[in-house]
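Everything on this sheet refers to the single structure shown next.
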Amino acid sequence: MSRHDFDIGVIGGGSGGLTVAAGAARFGAKTLLVEKENALGGDCLHYGCVPSKTLIRTAHVRHLMSHAARYGLPAVDLPPVDFRDVTRRIRSVIAAIQRHDSEERFCALGARVAFGEARFVDEHGIRLNGEVHSAKHWVIATGSSAASAPIPGLDRTPVLTNREIFYLDRLPRSMIVLGAGPVGVEMGQAFRRLGTDIDIVDAAPQILTREDRDMAETVMQVMEAEGVRFRLGASILEVRDLGEEREVVIRTGEKTERLRAEAVLVALGRKANLEGLGLEAIGVEFDGRGLRLDSRLRTTAHSHIYGAGDVTGAYPFTHAAGYEGGIVITNAIFRLPRKADYTYIPWCTYTDPELASIGMNEKTAREAGIKYSLWTENFRDNDRSLAEGEQEGKIKLLLDEKEKPIGIQILGPSAGNLISEWVAALNGGVRLATLAASVHPYPTLGEINKRVAGNFMATKLFSDTVKRGLRFFFSLRGRACESP
Ligand SMILES: Cc1cc2nc3c(=O)[nH]c(=O)nc-3n(C[C@H](O)[C@H](O)[C@H](O)COP(=O)(O)OP(=O)(O)OC[C@H]3O[C@@H](n4cnc5c(N)ncnc54)[C@H](O)[C@@H]3O)c2cc1C
């Protein structure tokens with residue numbers, strides 16, 4: 001008989017926690033899942049991926065409508081957006097997905113769901129709604145929140161974060177976005193397309209700083225052409241509440257500017273939700289980025305307490321949280337030592353065009369001192385892109401010295417979907433020759449994957465050595481036409 005109430009307890013009912021709870025319960029572990037909000041799903045469902053992608057789609061449709069003439073249609077005069085209708089659509093999409101993340105579903109799987117704020121009382125027990133529950137293993141999957149910054153006046157000014165932005169009762173006339181990371185640029189473009197006047201401010205000299213500069217710059221140019229204004233390399237000196245408006249004072253080089261807008265969106269990165277869990281008292285170490293974990297995602301203080309999701313401080317994505325949940329299950333339930341390996345974790349920024357990546361880009365390869373060759377293919381040479389009227393962007397394929405793919409970045413329409421072929425190829429060790437020789441349906445955006453692999457293979461196939469061999473064996477006589 002175990003001396004604990006549960007085999008495994010999970011704190012946090014978001015992407016990471018739900019993966020662990022569902023998996024553990026299905027494998028027969030007595031599982032407790034604790035969530036402090038009154039519904040499961042976490043940030044991704046309520047304040048992140050789902051509402052943002054729903055909003056982006058709505059903004060995209062409006063963008064297409066406002067450019068109807070480009071598609072050979074009569075130009076239309078669009079009335080202003082009623083944001084309550086947009087929010088209604090967001091809520092309905094969330095409600096449809098919520099059914100998969102319901103208490104009933106988890107109960108049917110065998111997990112007990114409890115709502116309330118958990119706090120460790122000792123290394124095996126938590127206090128929840130006045131009661132103590134103990135478990136042999138614990139998983140901290142409490143996610144992250146919008147990070148703040150020590151900017152004078154920021155804490156005294158009403159600002160928006162990802163928790164409020166999808167549930168506004170009207171569209172802001174103007175908005176200053178603090179931060180040009182994925183959340184800042186996705187929301188900046190979407191709100192601009194809905195009709196908000198947008199300024200995006202960032203201290204870095206480039207948007208989307210983890211991406212290669214050429215790719216990030218194309219995204220920025222597209223957004224600028226749509227009317228978004230960027231202030232890069234800018235320090236934020238002060239944020240002020242002027243009543244009807246907010247003011248953000250910035251300095252770029254020698255120039256000081258006072259930007260004013262109806263709303264300010266704070267998108268300055270994420271901070272792990274680890275305060276208030278009583279971790280200090282049980283010796284679990286953490287900082288603003290996340291928990292201190294070993295490669296099996298166990299806390300350094302207690303090998304039976306794990307972390308999964310944004311609290312790991314690794315890759316702040318839902319699919320990474322799911323992957324980490326799987327690592328925890330293998331270690332805690334199967335007792336098999338399995339390490340987290342982030343080499344092939346893909347990610348995508350859902351601007352238009354989208355920017356998706358897997359593995360190394362030029363920036364990270366250079367930083368790691370890896371010599372690489374670069375192969376590219378443009379969307380403007382893809383027939384389907386032309387038909388769709390979406391020809392901005394390209395694919396970059398990086399090969400190491402042994403001509404093995406080490407990374408792919410796709411900037412273009414449906415890049416997030418297109419990267420999946422590379423997810424399978426890299427994880428499955430598929431050879432470039434196989435990808436280049438495989439038949440893709442025509443006309444599809446996906447042909448760009450085959451084409452970039454083909455660009456590399458062509459240098460082997462159509463080499464002088466092969467041509468010389470064919471000429472020798474089959475008496476081929478060479479060119480029939482010379483370019484004028
Ligand atoms: C605007 C935005 C857009 C995004 N878009 C994407 C995207 O397109 N694709 C993508 O992959 N990722 C996206 N993300 C990131 C994604 O939302 C996160 O990576 C993901 O939600 C992390 O999952 P998690 O389980 O770590 O945390 P969460 O999903 O946030 O779950 C944590 C849960 O823990 C609960 N909790 C916290 N403290 C306690 C406590 N003491 N007791 C009990 N419960 C507690 C919280 O209420 C929450 O429900 C986006 C994020 C934002 C902000």
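As the structure is a computational prediction, the values presented were derived from the model and not from experiment. Each ligand, and each atom within it, is numbered from 1 in the order the structure gives.
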Backbone or side-chain N or O of Tyr350 under 3.5 Å from ligand 1 N or O: no
Of the listed options Asp310, Val20, Ile165, Thr318, closest to atom 12 (N) of ligand 1 (non-hydrogen atoms): Thr318
Asn273, portion touching ligand 1 at heavy-atom distance under 4.0 Å: neither
Shortest heavy-atom approach to atom 1 (C) of ligand 1 - which of Phe120, Phe115, Tyr47: Tyr47
Spatial distance of atom OG1 (Thr351) from atom CG (Leu208) [nearest 0.5 Å]: 6.5 Å
Proximal atoms of ligand 1 relative to Ala141 (non-hydrogen, under 4.0 Å): 32 (C), 33 (C), 34 (O)
Ring center gap for Tyr167 and Phe83 short of 6.0 angstrom: no
Mutual orientation of the aromatic rings belonging to His63 and His67 [parallel < 30°, tilted 30-60°, perpendicular > 60°]: tilted
Ligand 1 atoms in contact with Arg270 (distance to a heavy atom under 4.0 Å): 53 (C)
Selected option - heavy-atom contact closest to atom 51 (C) of ligand 1, from Ala321, Gly48, Ala272: Gly48
Atoms of ligand 1 close to Ile11 [distance to a heavy atom under 4.0 angstrom, numbered from 1]: 40 (C), 42 (N), 43 (C)
Closest protein heavy atom to atom 47 (O) of ligand 1, given as residue, atom name and distance to 0.1 Å: Glu35 OE2, 2.6 Å
Ion pair check, Arg296 and Asp294, cut-off under 4.0 Å: no
Arg210 CZ: over 12 foreign heavy atoms closer than 6.0 Å: yes
Heavy atom of the protein closest to atom 13 (C) of ligand 1 (residue, atom name, distance): Cys49 SG, 3.3 Å
Atom 8 (O) of ligand 1 [closest protein heavy-atom partner, distance rounded to 0.1 Å]: Lys53 NZ, 2.8 Å
Contact check: Asp43 vs ligand 1, nitrogen or oxygen atoms, below 3.5 angstrom: yes
Ring centre gap for Trp138 and Phe120 strictly below 6.0 Å: yes
Test of proximity, Leu277 against ligand 1: N or O pairs below 3.5 Å: no
Contact atoms of ligand 1, heavy-atom distance to Gly116 under 4.0 Å: 42 (N), 43 (C)
Cationic N near anionic O, under 4.0 Å, Lys396 to Glu362: yes
Ring center gap for Tyr315 and Tyr342 short of 6.0 angstrom: yes
Check: Gly309 N/O within less than 3.5 Å of ligand 1 N/O: no
